[in-house]
K.L.:
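Here it is: the structure, laid out below.
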Amino acid sequence: MNTDKKISWKPGNMLYPVPVVMVSTKRPDEKPNIITIAWAGTVCSDPVMVSISVRKERYSYDILRETGEFVINLVNKDLVFATDYCGVKSGRDCDKWSDMHLTELPSAKIAAPGIAESPLNLECKVTQVIPLGSHDMFLAEVVNVTVDGRYMDEKGAFHLNDADLVAYSHGEYHELGELLGKFGYSVRKKKE
C-alpha cells in the first residue's frame, strides 16, 4: 500500500478523540444505573447545555426518556476499567455500582446520583430529545456541577487537567497528554 498519499475511505464516525463519560440515571424506587457514552459534548454556553446520544435499545434509554435527567461523570485514569465495564454490561443484568465498587453521590438538583469517584459531575435536565437514526440525542441544561476538592487550589481555581482525564479514540481509551498551548497563545504578543 502506498502510504504517502491520502486514501478515500467509507463514511464513518471518525471525529476522534472524544470525551468518554459515565452517565448515571435513576428511576424512582429503582437502583440507579450507569451507561458509558462516547457521543457527548458541549452545545451551548448560555444557558449551559450538553448533549448525549444513546441507542434506543440501551437499558438507560427508557430511564432517560421517563425521568428527563442524568449526571455526566467525567472519567479519569482510575475509572477506565469501570468505564469500560459499564459500557459493555447492561443494567438489566447487573448492578454496575456494586460490581465496580462505585459510590453514589447525591445530586443537589436532580434525583439521579453522580459517581463520587469522578473528578467532576454535571447534573443535567433534558430539554429536548432529537431522533437521529441509530441514536437519539438528548439535549440537556446543566443545572449543577460538583467538583472534587482535591483539584481546587487555595484561590478557588479548579485544576481539572490535573485529574488524569481520559479520551476515547477509535475503540481505545487514552490518557490526555502533554500541554501544547493555551487558548489564544497563537496571537499573544511575545515578551521582548
Side-chain angles (χ1 to χ4, degrees), residues 1-25 33-45 47-94 96 100 102 112 114-115 118-142 145 160-161 163-181 183:
M1 178 186 304
N2 188 349
T3 59
D4 62 347
K5 63 181 177 179
K6 293 276 192 166
I7 298 168
S8 186
W9 205 31
K10 65 181 179 174
N13 290 325
M14 298 299 290
L15 184 61
Y16 289 114
V18 295
V20 60
V21 297
M22 297 192 323
V23 172
S24 43
T25 61
N33 189 50
I34 303 167
I35 181 175
T36 298
I37 301 278
W39 309 137
T42 299
V43 294
C44 189
S45 56
V48 180
M49 295 186 71
V50 293
S51 70
I52 60 171
S53 294
V54 182
R55 289 183 181 272
K56 290 180 180 96
E57 59 269 17
R58 297 295 297 267
Y59 177 66
S60 289
Y61 177 88
D62 288 333
I63 301 171
L64 290 163
R65 290 288 301 207
E66 292 167 23
T67 65
E69 60 183 39
F70 58 90
V71 179
I72 293 177
N73 305 277
L74 294 191
V75 172
N76 61 13
K77 188 164 69 171
D78 293 339
L79 288 171
V80 171
F81 186 85
T83 300
D84 187 66
Y85 183 88
C86 291
V88 296
K89 295 296 239 176
S90 175
R92 288 182 189 97
D93 307 321
C94 67
K96 299 175 189 181
M100 291 293 101
L102 297 172
I115 299 172
S118 172
L120 186 133
N121 318 88
L122 301 165
E123 296 175 26
C124 304
K125 288 191 177 182
V126 175
T127 60
Q128 187 178 1
V129 180
I130 303 170
L132 298 174
S134 64
H135 292 67
D136 281 1
M137 179 186 290
F138 291 80
L139 292 176
E141 184 172 354
V142 176
V145 176
L160 182 59
N161 291 326
D164 297 323
L165 295 176
V166 172
Y168 182 79
S169 183
H170 204 60
E172 300 175 336
Y173 305 99
H174 294 270
E175 184 177 4
L176 297 183
E178 175 185 350
L179 173 66
L180 301 176
F183 180 76

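Here, residue 1 is the first one in the sequence, and each next residue gets the next number. All values derive from a computational prediction rather than experimental measurement.
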K.L.:
Taking L139's backbone N and O only, do any of them form a donor-acceptor pair with S51's side chain (distance below 3.5 Å, no angle check)?
P.N.:
no
K.L.:
If only atom types and distance count, is the side chain of K89 paired as donor or acceptor with the main-chain N or O of K96 below 3.5 Å?
P.N.:
no
K.L.:
Who are the ring-ring contact (aromatic ring centres under 6.0 Å, His included) partners of Y16, not counting sequence neighbours?
P.N.:
H170
K.L.:
Got a second to check how far S60's OG is from R65's CZ, nearest 0.5 Å?
P.N.:
14.0 Å
K.L.:
Output yes when a side-chain donor or acceptor of E69 lies under 3.5 Å from a complementary backbone atom of A112, and no otherwise.
P.N.:
yes
K.L.:
Might you confirm whether atom CG of L132 has over 12 heavy atoms from other residues, nucleotides or ligands at distances under 6.0 Å?
P.N.:
yes
K.L.:
So for atom NZ, which belongs to K77, do other residues, nucleotides or ligands contribute more than 12 heavy atoms lying within a distance under 6.0 Å?
P.N.:
no
K.L.:
Less than 6.0 angstrom separating the ring centers of Y173 and F81, yes or no?
P.N.:
no
K.L.:
Short question: side chain of T36, backbone of D84 - any donor-acceptor pair under 3.5 Å?
P.N.:
no
K.L.:
Just how far is it from atom CD1 of I115 to atom CD1 of I34, taken to the nearest 0.5 Å?
P.N.:
4.0 Å
K.L.:
Report yes if the side chains of D136 and F138 come closer than 4.5 Å at any heavy-atom pair, otherwise no.
P.N.:
yes
K.L.:
Rounded to the nearest 0.5 Å, how far does CE of M49 lie from NZ of K125?
P.N.:
13.0 Å
K.L.:
Pick from T127, L122, N121: which one makes a side chain to side chain contact (heavy atoms under 4.5 Å, CB included) with C124?
P.N.:
L122
K.L.:
Only one of I37, T25, V23 clears side chain to side chain contact (heavy atoms under 4.5 Å, CB included) with V54; which?
P.N.:
I37
